[in-house]
Amino acid sequence: FMRVQKHLFFIGQVMACWKEIRSSSWIYPTLVLCIYGFFSMMRPSEPFLTPYLTGPDKNLTIDEVTNQVFPVWTYSYLVLLFPVFLITDYLRYKPIIILQGLMLAMQWMEFFYGMVTATEVAYYAYIYSVVSADHYQKVTSYCRSITLVATTVAAVLGQLLVSLAELSYFYLNAISLASLSLAFLASFFLPMPKKSMFFHKNRIPETPQGTMGQDTTSNAPSMNEQPSCQEDKDAAKSSVITRTLPECQSDKHQCHMLVQLCKDLKECYCTKKLLYWSLWWALATAGYNQIVNYVQVLWDDRAPAQNYDVYNGAVEAAATFLSSVTAMAVGYVKINWDLSGELALGIFSALDAGSLFLMHFTANIWACYASYLVFKSCYMLLITIATFQIAVNLTMERYALMFGFNNFVALVIQTIITVVVVDSRGLGLKIVTQFLIYGSYFAVIAGIFLIRSIYTIVSIQCKKETQNFSNGSQNIKEQESETRL
């Protein structure tokens with residue numbers, strides 16, 4: 001009997017705790033979104049995608065994977081990003097999150113993977129529509145941290161299953177499918193937002209005028225007043241107007257929002273500081289996405305999965321861990337980023353270029369692994385700085401707008417690179433030659449921002465010297481005037 005009492009007490013405590021979580025304005029949606037984020041990113045098959053496609057399961061050649069399969073992701077991502085960005089806000093995020101889970105569960109082709117990537121904006125934007133601004137920092141850290149944890153866990157799990165259990169890559173896909181199905185189910189428990197950043201901005205529901213008119217009319221007989229024929233016509237005309245007015249207002253609101261988005265975008269890029277940081281964001285993100293897409297192909301070229309042990313999962317786990325450490329370290333570094341930020345962009349972009357050149361020139365798979373760790377860590381460090389520098393002077397709405405547009409520009413650049421360098425209808429270069437071009441690409445980025453940073457630093461020093469000289473001359477004149485007096 002005592003055991004039963006203890007069990008009932010424990011169940012009661014759990015139910016009370018659950019009720020408190022459900023009643024909270026931010027804990028419940030954050031918890032459900034973190035559960036969704038964990039299972040959606042827990043894909044142990046992803047680090048082994050290229051070995052799976054080129055292995056006995058699919059039996060594709062490296063050239064087919066590189067020049068025909070992977071480019072589809074870039075093209076579909078580009079086509080879908082902008083419309084999905086607007087539809088996501090208009091539908092208030094949750095339907096798009098459910099769609100993301102559904103597409104992940106299907107995994108039919110690279111097109112759906114491109115759609116999934118395009119809908120990731122819903123995951124990061126959803127939480128801001130259901131919690132107050134006081135909790136933004138906390139929930140952002142939770143949602144981003146859980147995706148890094150899930151990516152690391154998935155990579156380690158995949159590596160252990162491949163190396164120790166000698167499991168087929170097919171079963172890694174089955175585990176990923178099960179995890180993504182759980183994410184799809186979790187998305188249904190997310191509360192539907194009442195507002196969004198652009199199209200549903202704190203719109204206060206108004207009492208329908210038609211209802212008010214009906215109430216007034218229904219009260220008329222109690223006042224023993226008989227309405228005239230003309231009053232009936234006016235009432236009918238008024239009811240038609242009140243029915244069509246909300247539709248007109250809604251259409252005008254959508255048009256006004258689109259015009260306002262264009263104006264906000266123009267104002268954001270009028271600031272030189274934001275323009276240069278956004279330029280780096282677009283250029284570097286295009287290159288980063290291209291490297292992440294094709295680095296497994298390079299690894300397979302250096303050490304074919306049929307003849308060598310594959311450590312892709314371990315490398316991805318280490319890269320994710322180092323990236324999170326470098327991103328966290330930025331918060332503790334006290335530097336005047338307005339003065340030294342562009343110099344940092346140039347130096348670390350040069351490191352990225354060096355790591356890519358090493359991947360091209362070396363035939364050692366371990367050197368390729370190490371270069372990838374350096375490359376990803378440097379990019380994550382810089383993108384964290386760029387995110388902070390862009391967001392610090394913008395509202396959440398404008399930041400989301402710039403985030404979407406910068407990624408769109410990055411995708412346009414990436415698509416051009418893919419068409420020219422990778423696609424079989426373009427040059428269709430070998431993977432080793434591609435990494436020589438990618439290294440040169442980051443070298444150009446490094447050169448642009450090193451020159452820009454040197455110019456900025458020299459200009460500031462010249463201004464200081466000129467100001468000191470003018471202040472010194474003014475002091476001498478004041479002393480001479482005092483001496484004369």
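Given the structure is predicted, the values throughout are model-derived calculations rather than measurements.
Ionic pairing of Asp301 and Lys430 is not present here: no N-O contact between side-chain nitrogen and carboxylate oxygen is shorter than 4.0 angstrom.
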Is there a ring pair (Phe, Tyr, Trp, His ring centres under 6.0 Å) between Phe39 and Phe184? Walk through the geometry before answering. CA-CA 9 Å; Phe39 285 113; Phe184 175 61; over 10 Å; no
List the steps, then state whether side-chain contact (heavy atoms from CB on, under 4.5 Å) holds for Leu283 with Tyr288. CA-CA 9 Å; Leu283 291 172; Tyr288 171 79; over 6 Å; no
Test side-chain contact (heavy atoms from CB on, under 4.5 Å) on Leu53 and Tyr169; report intermediate values, then the result. CA-CA 9 Å; Leu53 294 175; Tyr169 298 129; over 6 Å; no
Check the pair Cys378 / Val374 against side-chain contact (heavy atoms from CB on, under 4.5 Å), numbers first and verdict last. CA-CA 6 Å; Cys378 289; Val374 172; 4.1 Å; yes
Working for side-chain contact (heavy atoms from CB on, under 4.5 Å), residues Met42 and Leu157: CA-CA 9 Å; Met42 229 288 290; Leu157 177 63; 4.1 Å; yes
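Residue Gly439 comes nearest to Phe357 through the heavy atom pair C-CZ, 3.5 Å, listed as atom of the first residue, atom of the second, then distance. Here the closest non-hydrogen pair linking Gly313 and Ala155 is O-CB, 3.1 Å. Between Leu298 and Cys368, the shortest heavy-atom distance links the atoms CD2-SG, 4.5 Å. In terms of heavy-atom proximity, Gly37 sits nearest to Thr147 at O-CG2, 4.4 Å. Among all heavy-atom pairs drawn from Val409 and Ala282, the shortest one is CG1-CB, 3.8 Å. Nearest heavy-atom pair, Pro51 versus Gln296, reported as atom, atom and distance to 0.1 Å: CD-OE1, 3.9 Å.
Note that CD1 of Ile431 is 10.0 Å distant from CZ of Arg302, once rounded to the nearest 0.5 Å. Distance check: Phe48 CZ to Leu161 CG gives 8.5 Å after rounding to the nearest 0.5 Å. Separation of atoms CG (Leu382) and CD1 (Ile347) is listed at 10.0 Å; rounding is to 0.5 Å. Note: Leu49 CG to Asn293 CG = 9.5 Å, rounded to the nearest 0.5 Å. For the atom pair CD1 of Ile445 and CG of Asp352, the computed distance is 8.5 Å after rounding to the nearest 0.5 Å. Note that CD1 of Ile175 is 11.5 Å distant from CG of Leu180, once rounded to the nearest 0.5 Å.
Proximity of a side-chain donor or acceptor of Ser278 to a complementary backbone N or O of Leu275 within less than 3.5 Å is not detected. For Ser163 (side chain) and Leu160 (main-chain N/O), no donor-acceptor pair under 3.5 Å exists by modelled atom type. Of the possible donor and acceptor atoms, one in the side chain of Gln159 sits under 3.5 Å from a partner among the backbone N and O of Val310. Using modelled atom types, one side-chain atom of Thr61 and one backbone atom of Glu64 make a donor-acceptor pair closer than 3.5 Å. Panel note: side chain Thr433, backbone Leu429; no donor-acceptor pair is recorded below 3.5 Å.
Listed by first then second residue, pairs satisfying ring-ring contact (aromatic ring centres under 6.0 Å, His included) with a partner in residues 307-330 read Tyr311-Trp366, not counting sequence neighbours.
Looking only at atom types and distance, the side chain of Glu316 has a donor-acceptor partner in the side chain of Tyr372 under 3.5 Å away. Side-chain contact annotation: Trp280 with Ser349, donor-acceptor N/O pair under 3.5 Å present. Side-chain N/O atoms of Ser176 and Glu46 include no donor and acceptor closer than 3.5 Å. Remark: the Tyr52 side chain and the Ser168 side chain contain no N/O donor-acceptor pair separated by less than 3.5 Å.
The distance between the ring centers of Tyr438 and Phe435 falls below 6.0 angstrom.
Within 6.0 Å of atom CZ in Phe361, more than 12 heavy atoms from other residues, nucleotides or ligands are found, so the atom counts as buried in its surroundings.
The closest side-chain heavy-atom distance from Trp299 to Thr50 is not below 4.5 Å. No side-chain heavy atom of Asn406 sits less than 4.5 Å from a side-chain heavy atom of Thr285. With contacts defined as side-chain heavy-atom distances shorter than 4.5 Å, the pair Thr66/Gln434 qualifies. Counting heavy atoms from C-beta outward, Asn407 and Leu411 have side chains that stay 4.5 Å or more apart. Between Arg43 and Asn173 the shortest side-chain heavy-atom distance does not fall below 4.5 Å. The shortest distance between side-chain heavy atoms of Val432 and His360 falls below 4.5 Å. Tyr441 is listed as a side-chain neighbour of Ile417, based on a closest heavy-atom distance under 4.5 Å. Using a 4.5 Å heavy-atom threshold, the side chains of Trp277 and Leu345 count as touching.
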